[in-house]
Amino acid sequence: LMNMKKLTVAGAMLLAGTFGAMGMADAATGIVNVNAVLSGNAAFQKAGKTVAAEQQKLQKEYNEKSKGMNDADKKALEQKLNQQLAQKENEVMKPIQDNFKAAVEKAAKAKKIDTVVVPGGIIYGTISADLTEDVKANMK
């Protein structure tokens with residue numbers, strides 16, 4: 001059967017991945033708690049509902065079409081439907097990802113922050129500012 005991680009976790013990872021690996025020099029570094037930003041964001045919540053509805057639709061399709069299929073055909077159908085679900089998630093998350101990135105950049109520039117990391121994404125260094133609240137405000 002189809003597997004789907006919690007959208008908040010998947011979405012947070014997707015959005016955190018927007019920034020990729022960043023080096024840290026002697027520069028101001030800010031931190032953003034992605035889950036805190038997204039948990040109250042209406043667009044993200046709507047996207048979550050859209051993806052959940054799509055997942056339910058595809059699960060129903062799988063249940064109907066897989067009756068009487070052998071294991072190999074079931075696996076092929078599952079892969080196809082999971083790919084459709086991933087495409088839908090990417091489609092609905094892209095505008096939120098773009099908005100999030102712009103909100104982070106705006107907050108960072110306003111506080112003269114050169115590098116932004118997510119919690120757990122820093123091994124060594126000093127955080128100059130927590131931009132979480134600024135990013136929340138910028139996403140409205």
Side-chain angles (χ1 to χ4, degrees):
L1 293 168
M2 295 168 38
N3 294 324
M4 185 176 156
K5 296 176 187 166
K6 279 188 158 181
L7 186 60
T8 53
V9 174
M13 296 302 292
L14 177 69
L15 292 173
T18 300
F19 301 99
M22 293 188 206
M24 290 180 42
D26 292 333
T29 302
I31 192 165
V32 175
N33 183 328
V34 179
N35 285 330
V37 171
L38 296 179
S39 65
N41 183 271
F44 184 73
Q45 291 172 356
K46 182 179 178 186
K49 289 176 184 172
T50 299
V51 172
E54 183 73 6
Q55 194 268 340
Q56 288 177 343
K57 182 185 109 184
L58 294 174
Q59 183 68 55
K60 184 178 179 186
E61 183 179 338
Y62 174 84
N63 292 344
E64 291 171 2
K65 289 184 175 180
S66 66
K67 290 177 185 171
M69 283 186 169
N70 63 36
D71 287 346
D73 289 343
K74 283 182 180 180
K75 182 103 174 132
L77 177 62
E78 180 182 342
Q79 288 176 341
K80 176 186 168 197
L81 297 179
N82 276 329
Q83 186 176 14
Q84 287 178 331
L85 181 61
Q87 288 172 338
K88 183 69 169 184
E89 185 175 5
N90 288 337
E91 174 188 312
V92 299
M93 291 301 293
K94 178 84 170 92
I96 298 164
Q97 185 176 3
D98 293 345
N99 186 15
F100 178 80
K101 186 175 181 185
V104 169
E105 288 174 3
K106 181 178 178 183
K109 286 179 182 176
K111 293 201 173 175
K112 297 181 179 13
I113 299 293
D114 301 299
T115 303
V116 179
V117 297
V118 295
I122 184 169
I123 296 172
Y124 175 81
T126 304
I127 301 298
S128 305
D130 184 338
L131 303 176
T132 303
E133 294 304 315
D134 303 81
V135 174
K136 279 184 188 177
N138 290 343
M139 289 205 48
K140 293 180 181 171

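Model, not experiment: these values are computed from the prediction. Numbers here are sequence positions counted from 1.
Note that OH of Tyr62 and CG of Asn82 are 9.5 Å apart. Values are rounded to the nearest 0.5 Å. Taken from CG in Leu81 to CD in Gln83, the straight-line distance is 10.0 Å, to the nearest 0.5 Å.
Each of Gln55, Gln59, Lys80 was compared with Leu85 under the side-chain contact (heavy atoms from CB on, under 4.5 Å) criterion, and only Gln55 meets it.
Ion pairing between a basic and an acidic side chain is recognised when a charged N comes within 4.0 Å of a carboxylate O; Lys75 and Glu78 show no such pairing.
In terms of heavy atoms, Leu131 sits closest to Ala107 at CD2-O, 4.1 Å. Lys136 and Ala36 get closest at one heavy-atom pair: CE-O, 3.0 Å. Residue Gly40 comes nearest to Gln45 through the heavy atom pair CA-NE2, 3.9 Å, listed as atom of the first residue, atom of the second, then distance. Across every non-hydrogen atom of Val32 and Phe100, the tightest pair is CG1-CZ, 4.2 Å. The two residues Ile96 and Ala47 have their closest heavy-atom pair at CD1-CB, 3.5 Å. Pairing each heavy atom of Ala28 with each of Ile113, the nearest pair is O-CG2, 3.7 Å.
Other residues, nucleotides and ligands place more than 12 heavy atoms under 6.0 Å from the CG atom of Asn70.
In this view, Lys57 and Glu54 satisfy the salt bridge (Lys or Arg N to Asp or Glu O under 4.0 Å) rule, not counting sequence neighbours. With sequence neighbours left out, Lys74 forms a salt bridge (Lys or Arg N to Asp or Glu O under 4.0 Å) with no residue at all. Qualifying salt bridge (Lys or Arg N to Asp or Glu O under 4.0 Å) partners for Lys65, counting only residues two or more places apart in sequence or in other chains: Glu61.
Ser128 places a side-chain N or O within 3.5 Å of a backbone atom of Thr29 that can act as its donor or acceptor partner.
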**Asked** Does the pair Asn33 and Asp130 meet the rule for a side-chain contact (heavy atoms from CB on, under 4.5 Å), with working shown?
**Response** CA-CA 8 Å; Asn33 183 328; Asp130 184 338; 5.7 Å; no
**Request:** Give the C-alpha distance, both sets of side-chain angles, the deciding distance and a yes or no for side-chain contact (heavy atoms from CB on, under 4.5 Å) between Thr132 and Ile31.
**Result:** CA-CA 7 Å; Thr132 303; Ile31 192 165; 5.5 Å; no
